[in-house]
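One structure is given below, encoded as C-alpha cells.
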Amino acid sequence: MTTQGDESVAKLQLRIPEPARGQRPPDRVRYISKAGEMQKPALDEKVERIALMRKQLVRVLDDDGQAVGEWVPDISVEEKQRGLRNMMLTRAFDARLLQAHRQGKISFYMQSLGEEAIACGQQRALRPGDMHFPTYRQQGLLISAEYPLVDMMNQVMSNEFDPLHGRQLPVMYSSKSHGFFSISGNLATQYIQAVGWAMASALRRGTEIASAWIGEGATAESDFHAALVFASTYQAPVILNIVNNHWAISTPEDFARGASATFADRGYGFSIPALRVDGNDYLAVFAASQWAAERARANLGPTLIEWITLRVGAHSTSDDPSVYRPPREAEEFPLGDPVQRLRQHLEFIDEWDADRHVALQTEVDAQVVAAFAEADSHGSVKTGDVGSAHTMFDDVFADVPRHLREQRDAMGEQGGQR
Amino acid sequence: MTTQGDESVAKLQLRIPEPARGQRPPDRVRYISKAGEMQKPALDEKVERIALMRKQLVRVLDDDGQAVGEWVPDISVEEKQRGLRNMMLTRAFDARLLQAHRQGKISFYMQSLGEEAIACGQQRALRPGDMHFPTYRQQGLLISAEYPLVDMMNQVMSNEFDPLHGRQLPVMYSSKSHGFFSISGNLATQYIQAVGWAMASALRRGTEIASAWIGEGATAESDFHAALVFASTYQAPVILNIVNNHWAISTPEDFARGASATFADRGYGFSIPALRVDGNDYLAVFAASQWAAERARANLGPTLIEWITLRVGAHSTSDDPSVYRPPREAEEFPLGDPVQRLRQHLEFIDEWDADRHVALQTEVDAQVVAAFAEADSHGSVKTGDVGSAHTMFDDVFADVPRHLREQRDAMGEQGGQR
Amino acid sequence: MTAMTMIEAIRDAHVIAMERDDNVVVFGQDVGYFGGVFRCTHGLQERFGDHRCFDSPISEAGIVGAAVGMAAYGLRPCVEIQFADYMYPAYDQIVSEAARLRHRSAGDFTAPLVIRMPTGGGIFGGQTHSQSPEALFTHVAGLKTVVVSNPYDAKGLLIAAIEDDDPVIFLEPKRVYNGPFDGHHERPIVPWSKHPLGDVPEGHYSIEIGRARVHREGNDLTVLAYGTLVHVAQAAAEEQGIDAEIIDLRTLVPLDVDAIVASVEKTGRCLVVHEATLTSGYGAELSAIVQERCLFHLEAPTLRVCGWDTPYPHAHEWSYFPGPDRVGRAMLKLMAT
Amino acid sequence: MTAMTMIEAIRDAHVIAMERDDNVVVFGQDVGYFGGVFRCTHGLQERFGDHRCFDSPISEAGIVGAAVGMAAYGLRPCVEIQFADYMYPAYDQIVSEAARLRHRSAGDFTAPLVIRMPTGGGIFGGQTHSQSPEALFTHVAGLKTVVVSNPYDAKGLLIAAIEDDDPVIFLEPKRVYNGPFDGHHERPIVPWSKHPLGDVPEGHYSIEIGRARVHREGNDLTVLAYGTLVHVAQAAAEEQGIDAEIIDLRTLVPLDVDAIVASVEKTGRCLVVHEATLTSGYGAELSAIVQERCLFHLEAPTLRVCGWDTPYPHAHEWSYFPGPDRVGRAMLKLMAT
Ligand SMILES: Cc1ncc(C[n+]2csc(CCOP(=O)(O)OP(=O)(O)O)c2C)c(N)n1
Ligand SMILES: Cc1ncc(C[n+]2csc(CCOP(=O)(O)OP(=O)(O)O)c2C)c(N)n1
Ligand SMILES: [Mg+2]
Ligand SMILES: [Mg+2]
C-alpha cells in the first residue's frame with residue numbers, strides 16, 4: 001500500500017516513549033502531594049468524588065518523620081516496630097541470597113530492594129484467611145507472615161528440602177497456609193485469578209478477601225483487563241495492587257502507562273476507586289491497605305492502588321541495568337528509602353534510637369545468617385543436592401497415571417542426568 | 001477452605017447484573033443530553049477538559065428534525081440525501097437477505113437494523129485509503145463505499161461467485177480496495193490490528209488512518225485492552241469505535257461495562273479523548289467521526305467514540321430474543337430510528353417530502369431486488385451451487401505446498417461430499 | 001432410563017453435580033439467564049440461583065482465569081466456552097495456569113475445574129464455529145481431555161469430570177448434540193430417542209475417565225475414533241461390509257492403551273479417524289503409539305483419515321468433513337494391503 | 001566468512017533484511033533501546049532509528065495483533081516474544097488471525113510476518129523459560145514453522161522467513177545461541193567459533209524454507225531431529241559408535257518428506273528426538289509419517305526420545321532433557337531389534 005495522500009495534511013508519526021536515559025530521576029514521580037495533604041474519603045464515598053483526588057498522593061510521613069493528616073493509621077508503636085523489623089529482615093534476606101548467587105550457590109534471584117514497605121505493610125493490614133496473589137517481588141508478604149526463612153531459602157536453592165521439590169524457578173514460592181498464592185512465571189495471570197478467588201469467597205458468602213499484585217509493566221498484559229472487567233462487573237471483594245517501581249526490565253513505565261497521567265487512572269475507566277500511594281511510606285501503605293480491605297469486607301467492591309516506589313536494584317540476577325538506567329536514580333528518587341523513613345518516624349516519636357537500630361540490624365542479620373547456614377547445609381541445585389528426579393512425575397495429576405508411571409520407570413534409577 | 005471468619009463483618013456477596021427483563025427500555029440510555037447541548041472541543045483540547053463532558057451525549061438533531069449546536073457538520077444537502085439513501089439501501093439489503101434465510105436460500109445472516117447511521121455516516125466522513133476494521137454489523141461501511149451489492153450477496157450465498165470462495169461464514173466480507181478489512185469470527189481481534197495498521201501508516205510517515213470497530217459486549221475481550229495500551233502509548237492515528245447497541249446476544253451491556261458509567265470512560269483510563277454520541281443521529285455520527293479523523297490526521301492521536309444505539313433485531317438468524325428481551329424495547333427506545341430522524345431533518349429543511357421518500361424507497365428496493373436476482377441466479381450453498389472444493393487448498397499459503405497438493409489429490413475429483 | 005438428547009444429558013449432569021456439591025458453580029457467556037446458546041445450562045440459574053449459575057462478560061481469559069482462582073479457593077467451577085474456536089484467548093490460563101498449578105505448588109493449590117466447549121463442524125459454522133482443537137490440549141501435561149460421542153457417556157463423563165480433582169477439558173461435538181450423526185448430511189437427522197446410547201439412567205452415575213469403550217466388535221481392522229467419527233466409522237463399516245472393531249476412546253489423556261493394543265493385536269490393521277486437521281492432530285499420537293506397541297502385528301500401515309490441513313470452509317464443509325465414503329475407502333485400502 | 005554466534009547471526013540477518021527493505025520493522029519487549037534480553041536486536045534502534053526498531057509494552061497479544069495489522073498495511077514485521085513460554089497470550093492472534101488472514105480473505109489481505117522466540121531448556125529457567133511449543137504451531141494450517149540449530153542456518157533461514165509472504169514461526173533454541181550444545185552440561189561450553197556451522201557468509205543469502213539438511217551421513221539408522229537435539233544426536237552416535245544418519249529438519253511445516261523417506265528406506269530404522277513433551281509432540285507426526293510411508297522398510301518400531309510429559313522442572317532439568325545417554329540407549333535398542 002502506498003502512502004501517497006493529500007499533501008495538505010502532515011505526514012503522520014508515532015510517539016515512541018523516550019528511553020530511560022532521557023529521563024531525569026527527580027522528575028520520575030508525577031504529582032507529589034505533601035504529607036497529610038490528601039484527605040481520606042469515607043469507605044462508601046462516591047467513586048466520582050474520589051476521582052477528583054486522582055493526582056494526589058497518599059502520604060503520612062513528612063520530611064521530619066512526623067505522621068500527619070487523615071491517613072495516619074491507628075496502630076501501636078509495637079506494630080510500627082514490627083513493620084521496621086519485617087522490612088529490615090526482608091532486606092537482609094535479599095542481601096544474603098544475592099551474595100549466595102555471587103558465590104555460585106544458586107541459579108537465579110530477584111530482590112525487592114527499595115519496595116519492602118508495600119508488601120510488608122499490606123500483609124499486616126490484612127487478615128489471616130485472606131489470600132494474596134503476588135508477583136516475584138513480594139517476598140515481604142511471606143516474611144511478614146512469618147513463613148520460615150529457611151523454607152524460602154530451601155526453595156531458592158532447590159535442594160532436597162525445597163517444599164516445591166525443585167520444580168520452580170527460585171523465588172516462585174507458594175504457601176496457602178500463609179495466604180500466599182503460588183507464583184507463576186507468566187506475568188499478570190494471577191490478577192484475574194485473585195478476582196476469581198474473591199468472587200468465590202463472596203459466592204460462598206464468606207468473609208475473606210483477595211489481594212492481587214502486579215507490576216506497572218505487566219498492566220499492559222491482557223489478564224489485567226480481564227481482572228478489572230470481572231472486578232467491576234461483579235463488584236468482587238479484592239484489592240488490585242499495581243506496584244509502580246518505574247521499570248519493567250529495561251523499559252520505563254511510559255510503555256505500559258501510555259499517555260495516561262497515572263496507573264490509578266486505569267481504575268477510573270471502570271469506576272473502580274483508585275488511590276495513588278507513597279509506597280515508601282510504611283504508614284501510608286498500612287492505612288491505604290486497611291481502607292481498601294475495609295471497603296472489600298463491607299461489600300463495597302474492589303479498590304485499585306498504585307504504589308509509587310523504585311526498583312533500586314537490577315531486575316534480576318540476569319539483568320545489567322547499567323545499560324539503560326539513568327545514573328544516581330536511587331539517590332535522587334524523591335520518595336526516599338522505606339526503612340530509613342519508618343526509622344526516622346520512630347525516632348521522631350522517641351520510640352527508637354541508633355543503638356536499638358544497630359541491635360535490630362544485628363538481630364535480623366543473625367536470623368538470616370542462621371537460616372542460610374541451615375539451608376546451605378542441605379546444599380543446592382548447584383552442588384547437585386536435589387531431591388529425587390522421580391518427584392517430577394508427582395502432582396502433574398492428583399494420581400500418577402499409567403503413561404507417567406511408564407516414563408518414570410524409563411527414566412531409570414539414576415534419573416538420567418544426561 | 002472454610003468461610004468462617006469474624007462474625008462482626010457482613011458476609012460477602014456479589015453483584016450479578018440483573019437480567020434484561022428487569023430493565024425498563026426507556027431507562028436504557030444513561031445521560032441523554034439535549035440536541036446541541038454539548039459543546040465541540042478544539043481538536044487539540046486537553047483530554048482532561050474533554051473528560052468533563054464524559055456524561056454528555058453528542059446530538060445534533062432535535063425532536064423537530066432541526067440541526068442545532070456546535071456539532072452541526074458542514075455538509076451539503078446532497079451529502080445528507082446520500083446518507084439517507086445509504087441507510088435505506090442497507091436496511092433494504094438486510095431485509096432481502098433475512099427473507100432469503102427464511103426461504104432457506106442461505107445458511108446464516110446478521111442484520112444491522114437500527115444501527116445503520118453509524119457505519120454509513122462514518123464511512124462518508126473518512127477518506128479513500130483509510131482502513132476500517134469492522135465487526136459483522138458494519139455492512140453499512142461497504143454499502144456506503146459502493147461495493148457491489150451482488151458481490152456481498154454472492155458472499156452471503158457462498159456461491160461460485162463469492163469473492164471469498166465460500167470459505168467464510170455469511171457476512172464475513174473483505175475488501176481492501178473499499179477500505180474494509182477482512183472480518184474475523186473471533187471477537188475483538190481486529191481492534192488491536194487496526195491500531196497496528198495505523199501505527200504502520202505513521203511508521204512509514206503516511207497519511208491514512210485506521211478505524212477500529214467493536215461491539216460493547218466484546219470490549220470485555222483482552223484484545224480491546226491491547227488496542228488501548230498500544231494506541232495510548234504510541235499515539236496511533238486511529239478511531240476506536242464502540243457500538244453500544246445494549247446487547248451481546250442475551251446479555252445486557254452491564255456485563256461488559258461493569259460499574260462504570262459509560263463505555264467512553266474506558267478511554268479516560270488511558271487519557272484517550274472519548275465521546276458519547278447519539279448513534280441514531282446521522283449528522284452527529286458524521287460530525288463526531290470527522291472530528292476524530294481530523295485529530296488522527298493532525299497527529300493528535302487516538303479518539304474513542306461510544307455510539308449509543310439499539311440492536312433492534314435478533315443477534316443473528318440463530319438467535320431467539322423473545323426469551324430475554326424486554327417487550328416494546330425498540331418502540332420505547334429514546335433515540336428513535338436513524339432513517340426516520342434524517343428523513344425528518346431533510347423534510348424540516350424542505351429538501352425532502354413523502355413522494356421523494358417513496359420514490360427513493362422504491363429505487364433502493366429495486367436495486368436490491370435486481371442484485372439479489374442476479375446473485376440468486378448463481379444459486380447458493382443451499383442449492384449446492386458452490387465453486388470447486390479444491391479451492392479450499394488455495395491461499396492457505398501463498399503457494400500450495402506439497403502436503404496440500406497431496407491432500408487435494410486425495411480428495412478426488414468429486415471433492416468428497418461424504 | 002429416560003431417552004435424552006446429548007444436550008439434555010449434559011444439563012442433567014449439571015443438575016446432579018450441583019445438587020450434590022454446593023461448591024459446583026457454572027458460568028460463561030449467555031449460560032445464566034438464557035441457558036446457553038446450545039441450551040446446555042438451561043434452567044440452572046432459575047433452579048440454583050444466580051450465585052451458582054450466572055452469565056459472564058465476553059472474556060474467555062476472564063472466565064478460565066476466574067475459574068482457576070475459584071478452584072484455588074475450593075470451588076469446583078464448570079465453565080462453558082461458547083465454541084471451542086473461541087478458547088484461544090483462554091489458552092494461557094488453561095496451559096500455564098490450570099494445567100500447572102498443582103505441580104508448581106507441589107499440591108499446595110489445585111485447579112479442579114471443567115472447561116466445556118462445543119467442537120466440530122457440520123452446522124455450516126465456517127472456520128470459527130467448527131474447530132476440533134483436542135490436540136492443543138493433549139500436548140499439555142496436567143490436562144485431562146475428554147471427547148463425548150453420545151448422551152449416556154456425556155452424562156457419566158461430565159459428572160466424573162466435575163468430581164475429578166484435576167482440570168478436565170470436556171469436548172462436545174455439536175453435531176451429535178441431537179442425534180448420532182453418521183456423516184450422511186443429506187439424510188434426515190436420526191434422533192437420540194432411536195438410539196440405545198440415548199437411554200440415560202436417572203440420578204447419579206459416573207464413567208471412569210481414562211477408559212475407552214468398544215463401540216462395535218470386529219475382527220477385520222481396528223478403528224480408533226472419538227466424538228462424531230465413532231458414528232461415521234460405524235456407517236462406513238456397515239456400508240463397506242467390513243467387520244471393523246470400533247473403539248470410542250472417550251478420553252484422549254489419559255489414554256486407554258490396553259484397549260488399543262488388545263484390539264490391534266487382534267485385527268492387525270488400524271485406522272485412525274478424527275475431524276481435526278491431519279498434521280500434528282491427535283491421530284498422529286495414536287498412529288505413533290500403535291506402531292511403537294504393535295509394529296510386528298501390523299499387516300498394513302496405520303492410516304489416518306482426518307480433516308484436511310486447511311481452515312474449515314463454510315461452503316465446502318462436507319468436502320472437509322471425513323465422511324463415511326472417505327472412511328470407507330480407507331477401510332478398503334487397509335484390507336487390500 | 002566470519003565466525004559468528006547464533007545471536008550474532010540473527011542480528012546480522014536483521015540488519016541485512018532491514019537494509020534491503022524499509023518495510024521491515026522490528027519490535028518487542030526490551031528489543032529497542034536495550035537490544036533484547038538475549039541481545040539479538042542489539043544496535044538496530046541506534047542504526048535504523050526508533051521508527052524501524054522499538055520497544056513494546058508487555059503484551060504478547062498486542063505485539064502480534066499489531067504486527068498483523070502492520071502486515072496487512074504492507075509492512076514486514078519481525079517481532080520477538082521474549083521466551084516461547086510467553087507466546088500463549090498471543091496464541092489467538094497467531095492461530096485465528098495471522099495463520100488465517102490470507103485464506104479467509106482469499107488473498108485480499110496477507111500477513112507476512114515473522115514471530116521469533118527463544119525455546120528449550122538447559123539454562124535453569126524452570127517451567128516458564130524452557131518450553132518448546134513447536135507442536136502447537138505445526139497443528140495450525142497457515143503457519144510455517146522453522147527451528148534453527150546453528151548460526152549458518154539461523155541467518156539464512158531468518159532472512160528467508162522475513163522475505164516469505166506467509167507468517168513464519170521462528171524458533172531459536174537458546175541453549176545453542178552460544179555454542180553447539182551436545183547435552184553434556186557438565187562439560188565446558190564449546191564456542192561456535194570452533195564449529196564449521198559457525199562460519200557465516202557476509203551479506204545476503206537465504207536458505208529455502210522446507211528443506212532439511214543431512215547433518216551427518218550414515219547407514220545404521222536415521223535420526224530425525226531439529227534444534228539442540230541435532231548436536232545431542234551427533235554426540236550420542238559418536239559415543240555409541242553407531243553410524244547414524246542425522247537429519248536436521250530445519251523446517252517442520254512444510255516438511256521435507258523426501259529427505260525423510262530416502263534416509264529411512266536406506267537405513268530401515270528411525271529414531272525421532274525432541275525436547276518438547278512426548279505426547280502429541282511433533283515427534284508423533286514424524287513417527288506417523290515414517291510408518292505411513294516406509295512401513296515395509298522398517299526393521300524396528302520407530303522410537304521417540306523426548307521430554308517427559310511433565311512441566312520442565314528447574315532442579316531436574318538434566319533429567320528432563322533428552323541427553324546423549326538417553327538418545328544413545330535408544331540407538332542401541334533400535335539396533336538390537
Ligand atoms: C507473559 C510474560 N511476558 C513476558 C515475561 C518476561 N518478563 C518477566 S518480568 C518482566 C518485566 C515486568 O515488569 P513489571 O511488571 O513492572 O514488574 P517488576 O519487575 O518491575 O516488579 C518481563 C517482561 C513474562 N515473565 N511473562
Ligand atoms: C472470542 C469470541 N468469543 C465469543 C464469540 C461468540 N459471540 C459472537 S457475537 C457475540 C456477542 C457480541 O456482542 P457485542 O460485542 O455487543 O456485538 P453485537 O452483536 O451487539 O453487535 C458473542 C458472544 C465470538 N464470536 N468470539
Ligand atoms: Mg515495574
Ligand atoms: Mg452489542
Nearest heavy atoms of [X] and [Y], plus distance in Å:
X: Ala226(B); Y: Gly62(D); answer: CB-CA, 3.8 Å
X: Ser182(B); Y: Arg104(D); answer: OG-NE, 2.6 Å
X: Met70(D); Y: Met199(B); answer: CE-CE, 3.7 Å
X: Ala106(D); Y: His165(B); answer: CB-CD2, 3.9 Å

Tell me, for [X] versus chain B, whether the close heavy atoms (under 4.5 Å) come from the side chain, the backbone, both or neither.
X: Val253(D); answer: side chain
X: Asp55(D); answer: backbone
X: Thr110(D); answer: neither
X: Leu143(D); answer: backbone
X: Asp164(D); answer: neither

Part of [X] within contact of chain D (heavy atom distance under 4.5 Å):
X: Ile183(B); answer: backbone
X: Val195(B); answer: neither
X: Ala398(B); answer: both
X: Phe181(B); answer: both
X: Ala198(B); answer: neither

Do the side chain of His403(B) and the main chain of Val257(D) share a donor and acceptor less than 3.5 angstrom apart? no

I'd like to know if the side chain of Asp166(D) and the backbone of Phe397(B) have a donor-acceptor N/O pair within less than 3.5 Å.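 Not a single qualifying donor-acceptor pair exists.
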
Verify side-chain contact (heavy atoms from CB on, under 4.5 Å) between Phe54(D) and Leu203(B), making sure each step is shown before the conclusion. CA-CA 11 Å; Phe54(D) 50 92; Leu203(B) 286 172; 3.9 Å; yes

Tell me whether [X] at atom [atom1] has more than 12 heavy atoms from other residues, nucleotides or ligands lying less than 6.0 Å away.
X: His378(B); atom1: NE2; answer: yes
X: Asp165(D); atom1: CG; answer: yes
X: Glu208(D); atom1: CD; answer: yes

Which distance, rounded to the nearest 0.5 Å, do you find between the CZ of Arg167(B) and the CZ of Arg100(D)?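 Between Arg167(B) CZ and Arg100(D) CZ, I get 13.0 Å after rounding to 0.5 Å.
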
Distance (rounded to the nearest 0.5 Å) between Ser184(B) OG and Asp92(D) CG: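 The OG atom of Ser184(B) sits 7.5 Å away from the CG atom of Asp92(D).
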
What's the verdict on side-chain contact (heavy atoms from CB on, under 4.5 Å) for Asn23(D) and Arg204(B), showing C-alpha distance, side-chain angles and the deciding distance? CA-CA 8 Å; Asn23(D) 288 317; Arg204(B) 299 312 317 281; 2.5 Å; yes

Intermediate values then yes/no, side-chain contact (heavy atoms from CB on, under 4.5 Å), Ile63(D) and Phe230(B): CA-CA 9 Å; Ile63(D) 290 167; Phe230(B) 277 60; 4.2 Å; yes

Using a cut-off of under 4.5 Å on heavy-atom pairs, state which of Thr391(B), Asn186(B), Ile192(B), Val229(B) scores highest against chain D. Ile192(B)

Specify which of Thr233(B), Leu164(B), Thr189(B) makes the most heavy-atom pairs with chain D at under 4.5 Å. Thr189(B)

Counting heavy-atom pairs under 4.5 Å with chain B, which one of Arg52(D), Lys144(D), Glu97(D) comes out on top?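 That would be Glu97(D).
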
Side-chain heavy atoms of [X] within contact of [Y], under 4.5 Å:
X: Arg402(B); Y: Asp258(D); answer: yes
X: Ser175(B); Y: Phe109(D); answer: no
X: Gln93(D); Y: Asp223(B); answer: yes

Residues of residues 149-158 of chain B under 4.5 Å from chain D (heavy atom pairs)?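 Counting heavy atoms that sit under 4.5 Å from chain D, no residue of residues 149-158 of chain B is involved.
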
Apply side-chain contact (heavy atoms from CB on, under 4.5 Å) to the pair Ser105(D) and Tyr173(B), showing each step before the final yes or no. CA-CA 8 Å; Ser105(D) 71; Tyr173(B) 315 104; over 6 Å; no

